[in-house]
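First up is the structure itself, then whatever we jot down about it.
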Amino acid sequence: MAKILVTGGTGYIGSHTVVELQKVGFDVVIVDNLSNSNIDVLVGIEKISGKAPAFENIDCVDYVSMDKMFEKHKDIDAIIHFAAFKAVGESVEKPLMYYRNNLVSLINMLQLMPIHKVKNLVFSSSCTVYGQPDELPVTENAPIKIAQSPYGNTKQIGEEIIRDTIHANSNYQSIILRYFNPIGAHSSAELGELPNGVPNNLLPFVTQTAIGLRKQLQVFGNDYNTPDGSCIRDYINVVDLAKAHVIAVQRMLNNKTKSNVETFNLGTGTGLSVLEIIETFENVNGVKIPFKIVPRREGDIEKVWANPTYANTELGWTAKETVEETLRSSWAWEQNLAKRAKAE
Ligand code: UD1
């Protein structure tokens with residue numbers, strides 16, 4: 001069976017993807033320096049999929065160590081490159097840290113691919129490349145807007161680096177996946193989002209408030225031009241998202257791509273407001289989320305949701321999980337974390 005290198009494979013989306021890859025029989029090598037994840041994630045992966053992936057604690061920015069890794073794990077067929085920093089606010093404060101980490105690691109992959117005869121790359125991009133789209137739902141052909149943050153810029157530049165590299169060397173191919181807002185956890189509650197410190201993203205903040213780790217959720221703004229005044233996003237189940245990566249890898253390995261670089265939106269096609277997420281979370285889980293409305297967060301986009309038709313028709317992929325089930329899985333995961341913390 002084909003061998004897949006998953007950088008950032010102990011991270012949130014990475015770990016769920018490793019499970020789905022192993023489920024269909026792929027051999028997986030994870031490279032992760034654990035800078036924003038925990039080694040225990042490997043236990044969760046093994047529990048669910050019955051198989052421990054190979055693991056290398058390496059920083060993808062370290063070219064020499066990556067080169068040795070490719071020597072050791074011969075015959076890698078495809079790379080899924082998740083490893084990156086992703087906190088928007090932090091990227092504004094430490095831009096060079098973001099440019100260096102997110103772009104040098106990608107350049108290393110692209111330089112090492114021909115040396116080690118790896119042809120296929122899946123790249124984690126983001127709906128952030130669209131900024132505030134002029135038309136909703138947003139398609140892959142929507143114009144790329146000036147990035148609102150160095151983080152967003154690393155995704156735009158990353159996409160360009162891939163396109164330029166493949167333009168110059170048609171032996172490569174890449175599938176660029178633009179994620180909307182991934183949420184939820186594995187249905188077993190053995191894997192989920194594990195943010196270090198105070199969460200930046202909505203869902204981990206919601207679950208940590210529900211369990212009592214945080215006193216109150218802050219809702220950033222209720223004066224947007226949306227039905228209830230709070231921002232709207234397209235929240236996509238993380239396992240659904242993980243499955244799209246398996247399909248992308250199979251598409252490349254089976255020579256089904258239509259061009260050497262393909263780009264897909266991965267979203268549900270439905271937008272939900274922050275207040276709708278809170279209300280649905282409370283209803284399906286029977287818990288209260290104390291929250292208060294605070295001023296807008298700098299850099300937030302008012303509303304964005306995907307037109308996922310291209311992924312639906314070309315990849316044969318559709319987001320299947322309901323938001324209700326997804327929010328249940330988030331809560332089950334947070335409760336499982338609390339149980340584990342108590343037992344320690
Ligand atoms: C951002 C990035 C996205 C990136 C993701 C990863 C942009 C435009 N989006 O998504 O590309 O992949 O982070 O981290 O750069 N909210 C609250 N209270 C909170 C937290 C969030 O009200 O405590 C609201 C936000 O205002 C927003 C929504 O919840 O409306 C979602 O926020 P968040 O989970 O941080 O994701 P994005 O900012 O959409």
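When a ligand or atom number is given, it counts from 1 through the structure's own listing order.
Within the hydrophobic cluster formed by Ile, Leu, Val, Met, Phe, Trp and Tyr side chains joined at under 4.5 Å, directly or through other members, Ile146 stands alone, with no partner residue.
For the atom pair CD1 of Ile293 and OG of Ser230, the computed distance is 7.0 Å after rounding to the nearest 0.5 Å.
Under the 4.0 Å criterion applied to side-chain N and carboxylate O atoms, Lys72 and Asp67 are not assigned as salt-bridge partners. Taking 4.0 Å as the cut-off between side-chain N and carboxylate O, Lys117 and Asp77 do not count as a salt-bridged pair.
A ring pair (Phe, Tyr, Trp, His ring centres under 6.0 Å) check over residues 121-180, counting only residues at least two apart or in different chains, returns the pairs Tyr179-His245.
Near ligand 1, residues Lys86, Val88, Ser126, Thr128, Tyr151, Asn181, Asn200, Asn201, Leu202, Leu217, Gln218, Val219, Phe220, Cys231, Arg233, Tyr235, Val274, Arg297, Asp300, Ile301 each place a heavy atom inside the 4.0 Å sphere around the ligand atoms.
Residues satisfying the side-chain contact (heavy atoms from CB on, under 4.5 Å) test with Asn141, not counting sequence neighbours, are Thr139.
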